[in-house]
Amino acid sequence: MHSRHSRPSKPRHSAPPPDRAAIEAMLAPWVPDPQDRAFVARCLGDEGPPHHRASTFALLSLLQRATDLAPPAGPRPASGPTVPVPLRVPPHVRESLDPAEREYPIAMPSGALARCFPDPVARSLAVESLADGPAHHALANVLMVAMLDELLRRLGDGP
Amino acid sequence: MTQLPASLGRTFLLAAGELGFFSAARVFVRETAAAYGADGVRALREQHGREYSVLDAVAARYLDDGALPGVDATRATAALHGASRVLVVGFEADALDLLVPTLSALPVGLLMQRSLGPVDWDRVLANFDDRLTAVPFDDLQKWAGSRAALLTFVYGTAGSLAHVSSEWLRVMGPDVRPQFRTLLGWDLLPVGPEVYPRWLANAEVGTFSALV
Amino acid sequence: MALRQLIPPAILFITLLAQALVPHLRLLIVMTGAAACCLATSVTGVATTEALLADVPWGVLIILVGLGLLAELLAAGRLFGPLAVRAAVASGGRPQRLRLAFAAGMFVVSGLVNNITALVLVLPVLLVLLRTGDARPRTVHWTIGTLLVACNLGGAATPIGDFPAILLLSRGSMRFTDYLLRALPATVVALALLLGCVGLLVRPERGVDDDPLARRLSLAVTTALHRRVRPAPGPVLPSVLGLGAMLLAWTFLPERLHVGPALVCWLGVCVVLLVRGRQGERLARTRVDVEAVLFLLGLFVMVAAVRRAGVFEALGDWILGLPLPPRGRMVVFLALAGVLTGLFSAGPGMAALLNVGEALTRELPGPSVYVGLALSVCAGSSLFLTAATSGPLAQALVERADLRDADGRPVHFGFLQFLPVGLLSFALIEGVAIAYGLLTTR
């Protein structure tokens with residue numbers, strides 16, 4: 001019988017820093033401006049708790065791999081329905097910001113979500129939950145939704 | 001050794017409060033050299049260098065090269081290209097005198113936060129002919145935005161650490177960082193101080209989106 | 001004298017004493033004293049509150065508010081900071097020249113704007129020089145002390161510089177140029193005497209070695225702190241042009257038009273502020289010196305009550321009845337005015353004494369009495385640090401500047417440190433006032 005104190009401790013590894021260049025490459029289809037891309041990549045790769053950054057990078061890499069392996073589809077539609085991702089500033093501050101700068105330079109495609117959640121209430125809840133929270137968290141969700149949207153399109157689900 | 005005025009250290013601190021460590025150091029090294037030559041600058045370093053690391057570094061540079069370290073705003077201007085507004089944290093008169101005119105119509109704010117001592121903000125701002133807007137700390141986030149930039153001055157780096165004024169650490173909370181697209185560090189002393197950077201704080205180099 | 005006549009002066013005396021002893025409550029004390037005077041005169045049938053309010057010289061308040069707003073606009077135009085830096089550079093950072101340059105500059109500035117504004121515009125540059133130089137206590141006390149007295153003298157030099165002269169102008173006791181041509185030379189003489197005495201007799205810098213690097217650094221830092229401060233033509237041009245137009249109107253407008261000094265100021269300042277649009281509106285809404293206006297309003301109400309009670313008339317009769325020749329009576333009056341102002345400060349001093357002084361003009365030329373009185377009030381204002389409102393302000397600014405001597409000890413500037421400067425200044429200016437009175441009534 002092992003006492004609590006004699007339990008062998010788990011080896012702890014510090015998470016490897018996410019590959020910023022790889023994240024920027026993943027963002028490229030949705031964020032054309034390089035400075036905007038660097039901003040979102042910083043929020044994904046450098047902000048938030050280390051285990052979030054590492055898990056985000058792992059999930060994004062898997063999605064990228066899946067997308068790459070999926071059959072190519074035609075060019076993406078120039079514009080589909082999207083949901084903006086607001087900067088997390090206090091409400092009174094938000095009103096004083098330039099309207100063009102109140103959102104992050106990436107929007108969440110909502111086409112696949114609409115197909116998945118035909119009920120508007122359920123869809124609205126999903127959208128709100130995905131785009132809410134700290135910046136690294138919300139932006140990771142948004143990018144994953146965007147990549148999933150593209151993946152589903154390549155798999156034939158979508159316009 | 002050259003006898004320097006007893007009040008020099010306090011005078012330097014006063015000047016650094018409203019001009020910035022680097023700009024004040026340039027004034028003090030220039031005037032000491034003009035009055036007492038290289039011997040005077042050596043005495044300045046000897047008597048005040050350990051207390052004021054930036055003064056020490058500027059004096060060392062003068063003694064090595066026979067010239068004051070220069071200021072070039074080209075790279076900072078380029079790094080701020082495309083920004084919708086710039087909020088400056090910390091203050092360096094020589095650097096901002098060069099940078100602000102290059103930003104043409106861009107709104108430029110100056111965070112009214114100095115840990116070195118009382119600052120006459122009206123006097124500081126009067127030098128920029130209304131091109132700099134005074135920004136109280138409470139209004140910091142009003143300058144946020146998806147194309148907004150934060151700028152601070154760096155006084156050399158040591159490994160992964162950048163020497164910055166402590167105001168930068170007050171601003172760089174995890175909530176503020178994702179609210180600005182650019183987090184720019186402008187390194188005025190790339191060689192870095194040789195002595196312990198007293199009165200400065202350390203920030204991870206990686207926390208800047210660009211270091212020029 | 002009946003009891004009902006004695007109540008208002010008793011309230012005035014107690015109020016003035018209380019506001020001098022408790023300066024941080026002076027506004028409330030004076031306003032309460034004024035209300036008490038209204039109550040006393042109403043109950044005793046001496047005068048109603050409406051009558052006392054009708055006696056208030058509103059023109060003085062209009063000129064004070066108007067010139068105050070104009071001074072605010074000039075301050076926003078950053079006209080004086082660069083001039084102060086130039087004066088510092090011209091002095092080469094040498095303490096004696098610095099004192100001369102700043103005293104002369106302060107004299108000019110406070111002749112154009114009120115003393116408080118003049119101090120706020122000029123003193124910060126001098127404080128930087130003192131902070132960055134070697135701030136020896138003796139140098140600091142005499143330099144800032146001399147500056148304060150120069151500020152008082154500048155205020156007395158022109159009819160628009162400070163309250164006593166504005167009162168003379170707005171009450172029609174003297175015309176603009178009449179006052180200027182008499183008071184300006186007298187105050188210049190007083191300033192020259194003061195600076196001469198300080199420079200040649202007191203010599204605050206004696207025994208101190210000159211340090212060329214300290215001087216260089218002091219000037220270099222001061223210049224760097226103001227390196228690109230330039231006067232802003234937007235606010236400066238309208239205020240300078242407006243002030244110039246007002247000076248011309250005060251000087252040349254014929255009396256038959258009945259456009260008094262207050263109306264000239266009222267109209268002139270409104271036009272200048274309108275030219276500045278939003279900035280003018282903002283200044284008018286936020287920068288009126290309410291404290292000064294209420295303080296003087298309270299004083300005027302009390303003085304009106306005392307006058308209605310017939311006390312000033314009685315005092316005037318007493319002075320006129322002194323067993324002295326008329327010029328002797330004037331000397332007594334001027335000396336009394338100086339001391340009373342030192343105790344009660346310039347506003348109350350002038351407001352009350354002008355009524356008594358008017359009695360003296362029955363037997364002596366008005367300008368001699370009035371300018372002598374203005375100079376005596378200036379002397380009294382310079383006696384103690386607390387005698388003029390600019391004194392406590394200077395004290396606060398110096399404390400905030402955290403001046404240190406060579407050993408790092410804090411250098412204070414308060415009542416006791418100013419006293420030697422005050423005593424010397426009082427003696428010199430009061431001497432000039434009396435000499436002026438005697439010389440011009442021969």
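Proteins come first, then strands; the chains are lettered A, B, ... in the order of their sequence lines, and each starts at number 1.
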**Request:** Go through the steps to decide whether C/Val128 and B/Glu18 satisfy the test side-chain contact (heavy atoms from CB on, under 4.5 Å), and finish with yes or no.
**Result:** CA-CA 11 Å; C/Val128 169; B/Glu18 283 194 32; 5.9 Å; no

**Asked** To the nearest 0.5 Å, how far apart are OG1 in B/Thr32 and CG in C/Leu217?
**Response** 5.5 Å

**Message:** Can you confirm whether C/Arg86 is buried at CZ, in the sense that more than 12 heavy atoms of other residues, nucleotides or ligands lie under 6.0 Å from that atom?
**Reply:** no

**Prompt:** Looking only at heavy atoms, what is the nearest atom pair of C/Ala214 and B/Pro5, with distance?
**Reply:** N-CG, 3.7 Å

**Message:** Within this structure, what is the CG-CG distance for the pair B/Leu19 and C/Leu225, rounded to the nearest 0.5 Å?
**Reply:** 5.0 Å

**Prompt:** Within a reach of under 6.0 Å around CZ of C/Arg228, are more than 12 heavy atoms found that belong to other residues, nucleotides or ligands?
**Reply:** yes

**Prompt:** CZ/C/Arg216 to CZ/B/Arg30 distance, rounded to the nearest 0.5 angstrom?
**Reply:** 8.5 Å

**Prompt:** Is there a side-chain contact (heavy atoms from CB on, under 4.5 Å) between C/Leu213 and B/Leu8 once you walk through the steps?
**Reply:** CA-CA 9 Å; C/Leu213 179 57; B/Leu8 194 142; 4.2 Å; yes

**Prompt:** Does the distance from a Lys or Arg side-chain N to an Asp or Glu carboxylate O, for C/Arg230 and B/Asp129, drop under 4.0 Å?
**Reply:** no

**Request:** Pick one of side chain, backbone, both or neither for B/Asp122, based on which atoms fall under 4.5 Å of a heavy atom in chain C.
**Result:** neither

**Item:** Side chain, backbone, both or neither of B/Phe12 within contact of chain C (heavy atoms, under 4.5 Å)
**Value:** neither

**Request:** Using a cut-off of under 4.5 Å on heavy-atom pairs, state which of B/Val124, B/Asp130, B/Asp97 scores highest against chain C.
**Result:** B/Asp97

**Request:** Mind checking the CG-CZ spacing from C/Asp402 to B/Arg10? Nearest 0.5 Å is all I need.
**Result:** 9.0 Å

**Item:** More than 12 heavy atoms from other groups under 6.0 Å of CH2 on B/Trp199
**Value:** no

**Asked** Where on C/Ala232 is there a heavy atom nearer than 4.5 Å to chain B: the side chain, the backbone, both, or neither?
**Response** neither

**Prompt:** If you tally heavy-atom pairs under 4.5 Å against chain B, which of C/His226, C/Arg400, C/Arg227 wins?
**Reply:** C/Arg227

**Asked** Does CZ belonging to C/Arg287 count more than 12 external heavy atoms closer than 6.0 Å?
**Response** no

